[in-house]
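Residue numbers run from 1 in the order of the sequence given.
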Amino acid sequence: MRLYSARIKSWFQLAILLLLSISMPAQRQPLRPFDIVITNGHIMDGTGSPWYSGDLGIRDGKITAIGNLSDYERKRTIDAHGMVVAPGFIDMLGQSDLTILVDPRVPSKIYQGITTEITGEGGSAAPLSDAIIQSERPIFEHYKITPDWRNFWQYFARLERQGIGINLASYVGATQVRRMILGDADVQPTPAQLDQMRALVRDAMQDGAVGVSTALEYAPAPYAKTEELISLAAEASKFGGIYATHLRNESDLVLAAIDEALRIGREAHIPVEIWHIKVAGKANWGRMPEVVAKINAARTQGVDVSADTYAYTAWFNDFSAFIPLWAHDGGDAKLIQRLQDPATRARIRKDMLTPSKDWDNEWQEIPGPEAVMIGVVQNPKLLALQGNRLSEVAKTWNKDPMDALFDLLIEDNAFTQVAVFGMSEPDVALALQQPWVSIDNDSSGTSPEGILGQEHPHPRAYGTFPRILRKYVGEEKKLTLEDAIRKFSALPAQRMRLTGRGVLKQGMWADVVVFDPATIRDVATFANPNQLSQGMEYVLVNGIAVIDGGKMTGALPGKVLRGAGYVQ
């Protein structure tokens with residue numbers, strides 16, 4: 001009886017304590033100082049909403065408070081008076097999987113405000129085989145890289161060991177998977193080989209890839225039938241992946257190519273991202289309204305499809321893409337042999353001079369050789385040609401322009417990359433204005449210094465995002481600043497399912513840019529592309545400044561961003 005009374009007394013005392021704790025005002029717990037507080041800026045949160053005033057508090061790499069933080073301790077204050085504070089920009093298609101190993105700071109990206117890149121266009125850093133490494137040896141030697149990885153787990157681990165200046169995610173390329181099993185030949189997989197290809201996609205998704213991608217203009221990718229791509233995309237879909245594509249045709253048959261992408265999305269039950277959406281070739285100028293209408297109709301029918309653009313009128317690709325597909329069968333070595341054989345060379349010439357619906361004939365899409373600018377070469381003897389037009393090369397070599405094209409590919413082991421002026425400005429602007437279009441840089445991270453500074457890239461490598469702010473927001477008023485920021489941040493984060501990024505909100509990773517909209521601008525030109533953009537005062541990646549007071553810090557705070565299927 002005494003024990004029972006004691007228990008009642010104990011319960012009564014506990015109840016009193018609980019009531020007191022509820023009724024008494026809570027004592028304010030002391031907080032650790034913020035690492036950084038950004039004050040006095042116009043906060044554009046990335047959603048497209050108008051700016052608002054407030055302070056942004058950052059601690060341990062994340063945004064931990066937004067509001068009036070004047071009474072709170074901090075280790076550092078960044079005064080953003082008169083400037084915009086926005087989420088870091090997301091590049092929906094970069095090509096930095098190798099160059100980030102050359103210069104992990106990726107200056108060309110961070111000076112644009114890019115804090116996250118998605119890479120892996122058809123080809124990807126992994127998986128790798130000895131045969132692929134041998135085939136790609138000129139590229140690895142060009143960048144002085146030793147490919148010591150074979151899968152995404154190992155590649156991502158290498159990035160994390162060395163450190164990277166921005167966040168990076170990657171697709172697994174369907175071309176890469178095809179080359180692993182079938183090589184570079186124009187062949188179709190057996191059921192057993194297709195199972196092996198699906199297994200490679202599955203492994204890549206579990207290693208952290210964000211989806212499967214295609215670049216269907218570039219051999220050996222065009223040898224793949226739609227059914228093969230559906231099978232690979234369906235495997236990625238099981239792991240929450242996305243299907244991203246450089247369409248099979250971006251010119252005469254662009255609508256049919258979009259239909260193929262939509263079919264893959266429907267049958268594989270996977271979202272579709274159309275990379276660098278365009279209508280190529282003078283004969284197709286003015287057709288962007290048809291493309292927009294087709295995608296709007298698909299979205300109305302429930303197809304999850306979106307796109308991105310770099311908003312220039314010139315694209316940049318392998319010079320070998322001018323050569324008909326059959327001549328690529330077996331890889332670059334076979335291509336060069338065919339170019340050296342007079343009879344086969346004559347057949348290639350005839351195909352390029354003949355309009356055709358069977359392949360994306362870039363020779364038929366350009367007004368003339370003056371519309372092709374030599375960009376990047378691997379052969380040191382050809383460096384003087386970088387920045388010249390094909391017409392100028394032909395004149396210097398005293399050759400017909402097509403012969404100059406063939407001989408340049410031979411001399412450079414089919415490595416050459418070129419800028420091709422083949423789009424119209426009204427089409428580019430219309431694509432940019434669509435609410436489902438985000439932004440891609442479509443270029444590898446580069447630098448004016450070192451090995452990378454010896455190249456002559458497309459100016460988009462340095463200028464895409466600031467150019468949109470200068471040209472389409474500031475000068476032409478074709479976008480509002482709020483919508484441009486949404487296209488740079490929340491929209492791509494939503495598409496890529498980057499749930500912790502893309503919006504300035506408490507609890508999100510502190511990828512943040514601070515800039516003056518009146519002064520931000522691109523400097524890179526086609527004649528002189530290796531120039532960093534200007535106007536980014538501060539760029540934070542995971543709460544660490546990579547641009548501080550307009551200058552690069554050299555910090556490497558980036559993270560590998562793994563997809564939903566990642567198995568740790």
Side-chain angles (χ1 to χ4, degrees), residues 90-94 118-124 169-178 198 201 204-205 209-218 221-222 224-250 253-280 288 290-310 360 431-432 434-440 442 487 490-498 502 563-565:
I90 298 173
D91 179 359
M92 284 292 277
L93 174 60
I118 319 298
T119 189
E121 184 189 10
S124 51
S170 182
Y171 291 91
V172 57
T175 310
Q176 198 78 11
V177 167
R178 178 172 243 272
R198 280 197 296 261
V201 171
M205 296 300 294
V210 294
V212 67
S213 69
T214 55
L216 295 171
E217 183 182 350
Y218 309 123
K225 307 296 185 187
T226 306
E227 291 73 19
E228 175 184 319
L229 304 178
I230 292 170
S231 182
L232 299 183
E235 197 65 37
S237 177
K238 297 175 185 176
F239 297 90
I242 296 162
Y243 172 68
T245 181
H246 174 140
L247 294 169
R248 197 178 291 271
N249 188 293
E250 296 178 319
L253 300 180
V254 64
L255 297 183
I258 293 172
D259 282 334
E260 180 187 38
L262 298 176
R263 178 190 166 195
I264 292 168
R266 282 191 296 263
E267 297 189 21
H269 306 289
I270 193 169
V272 176
E273 179 72 12
I274 298 175
W275 275 326
H276 44 63
I277 189 169
K278 66 173 71 72
V279 281
M288 184 56 72
E290 298 175 53
V291 169
V292 169
K294 177 170 280 292
I295 293 176
N296 279 333
R299 290 181 61 83
T300 299
Q301 295 165 8
V303 180
D304 187 358
V305 56
S306 58
D308 48 68
T309 179
Y310 45 78
D360 199 344
L432 175 64
Q434 300 312 303
W436 35 263
V437 170
S438 54
I439 309 303
D440 71 86
D442 198 16
K487 287 175 174 292
L491 180 60
Q494 169 189 305
R495 163 48 89 213
M496 299 309 304
R497 300 164 180 175
L498 304 178

List in chain and number order the residues that pass ring pair (Phe, Tyr, Trp, His ring centres under 6.0 Å) with Tyr171, two or more places apart in sequence or in another chain; answer none if no residue qualifies.
-> Trp275
Worked verdict on Arg495 versus Ser438 for side-chain hydrogen bond (donor to acceptor under 3.5 Å, both in side chains) | CA-CA 9 Å; Arg495 163 48 89 213; Ser438 54; over 6 Å; no
Pair Arg263 + Glu227: basic N to acidic O under 4.0 Å = yes
Heavy-atom closest contact (Ala236 atom, Ile270 atom, distance) | CB-CD1, 4.1 Å
Could you grab the distance from atom CD of Glu267 to atom OG1 of Thr226, nearest 0.5 Å is fine?
-> 9.0 Å
Validation row: Val291, Met288 side chains within 4.5 angstrom (heavy atoms) = yes
Output yes when a side-chain donor or acceptor of Ser124 lies under 3.5 Å from a complementary backbone atom of Val172, and no otherwise.
-> no
Under 4.5 Å between any side-chain heavy atoms of Ile295 and Ile274, yes or no?
-> yes
State, to 0.1 Å, how close Ile230 and Ala268 come at their nearest heavy-atom pair, and which atoms those are.
-> O-CB, 3.7 Å
Here the pair of heavy atoms bringing Asp91 nearest to Asp442 is OD1-N, 4.1 Å
Using a strict 4.0 Å threshold on nitrogen-to-oxygen distance, state whether Asp259 and Lys294 make a salt bridge.
-> yes
Side-chain heavy-atom pair Met496, Met92 within 4.5 angstrom cut-off = yes
Take Val272 and Ile264, measure what side chain to side chain contact (heavy atoms under 4.5 Å, CB included) needs, and give me the verdict at the end.
-> CA-CA 8 Å; Val272 176; Ile264 292 168; 5.8 Å; no
With rounding to the nearest 0.5 Å, note down the distance linking CZ in Arg178 to CG in Leu229.
-> 8.5 Å
Is there a side-chain contact between Ile277 and Asp308, using heavy atoms and a 4.5 Å cut-off?
-> no
Would you find a donor on one side and an acceptor on the other, under 3.5 Å apart, between the side chain of Arg299 and the backbone of Val305?
-> yes
What's the verdict on side-chain hydrogen bond (donor to acceptor under 3.5 Å, both in side chains) for Thr245 and Thr214, showing C-alpha distance, side-chain angles and the deciding distance?
-> CA-CA 5 Å; Thr245 181; Thr214 55; 2.8 Å; yes
Begin from the C-alpha positions of Trp436 and Val292 and carry the test side chain to side chain contact (heavy atoms under 4.5 Å, CB included) through to its verdict.
-> CA-CA 10 Å; Trp436 35 263; Val292 169; 4.2 Å; yes
Evaluate side chain to side chain contact (heavy atoms under 4.5 Å, CB included) for Asp360 paired with Asn249, printing each intermediate quantity in order.
-> CA-CA 6 Å; Asp360 199 344; Asn249 188 293; 4.0 Å; yes
Check whether any side-chain heavy atom of Pro271 lies under 4.5 Å from a side-chain heavy atom of Arg497, and answer yes or no.
-> yes
SB check Glu217 Arg248 (cutoff 4.0 Å) | no
With a 4.5 Å heavy-atom cut-off, do Val279 and Glu250 have their side chains touching?
-> no
Under the side chain to side chain contact (heavy atoms under 4.5 Å, CB included) test, which residues partner Lys238, sequence neighbours left out?
-> Glu235
Would you give the length of the straight line joining atom CD of Glu121 to atom CD of Gln176, rounded to the nearest 0.5 angstrom?
-> 12.5 Å
Compare every heavy atom of Ala215 with every heavy atom of Ala221, then report the nearest pair and how far apart it is.
-> CB-O, 3.1 Å
Ser237 (side chain) donor-acceptor with Ala233 (main chain) under 3.5 angstrom = no
Using the side chain to side chain contact (heavy atoms under 4.5 Å, CB included) rule, take Ile242 and Val210 through it: C-alpha gap first, then chi angles, then the decisive distance, then the call.
-> CA-CA 7 Å; Ile242 296 162; Val210 294; 5.7 Å; no
In terms of heavy-atom contacts, Pro435 and Leu491 come closest through O-CD2, 3.6 Å
Classify the side-chain pair Glu273/Ser306 by whether it contains a donor and acceptor separated by less than 3.5 Å.
-> yes
Side chains of Leu247 and Leu216 in contact at under 4.5 Å (non-hydrogen atoms) = no
Flag the pair Lys487 / Val437 as yes when at least one side-chain heavy-atom distance between them is below 4.5 Å, and no otherwise.
-> yes
How close do Gly123 and Thr175 get, heavy atom to heavy atom, and via which atoms?
-> N-CB, 4.1 Å
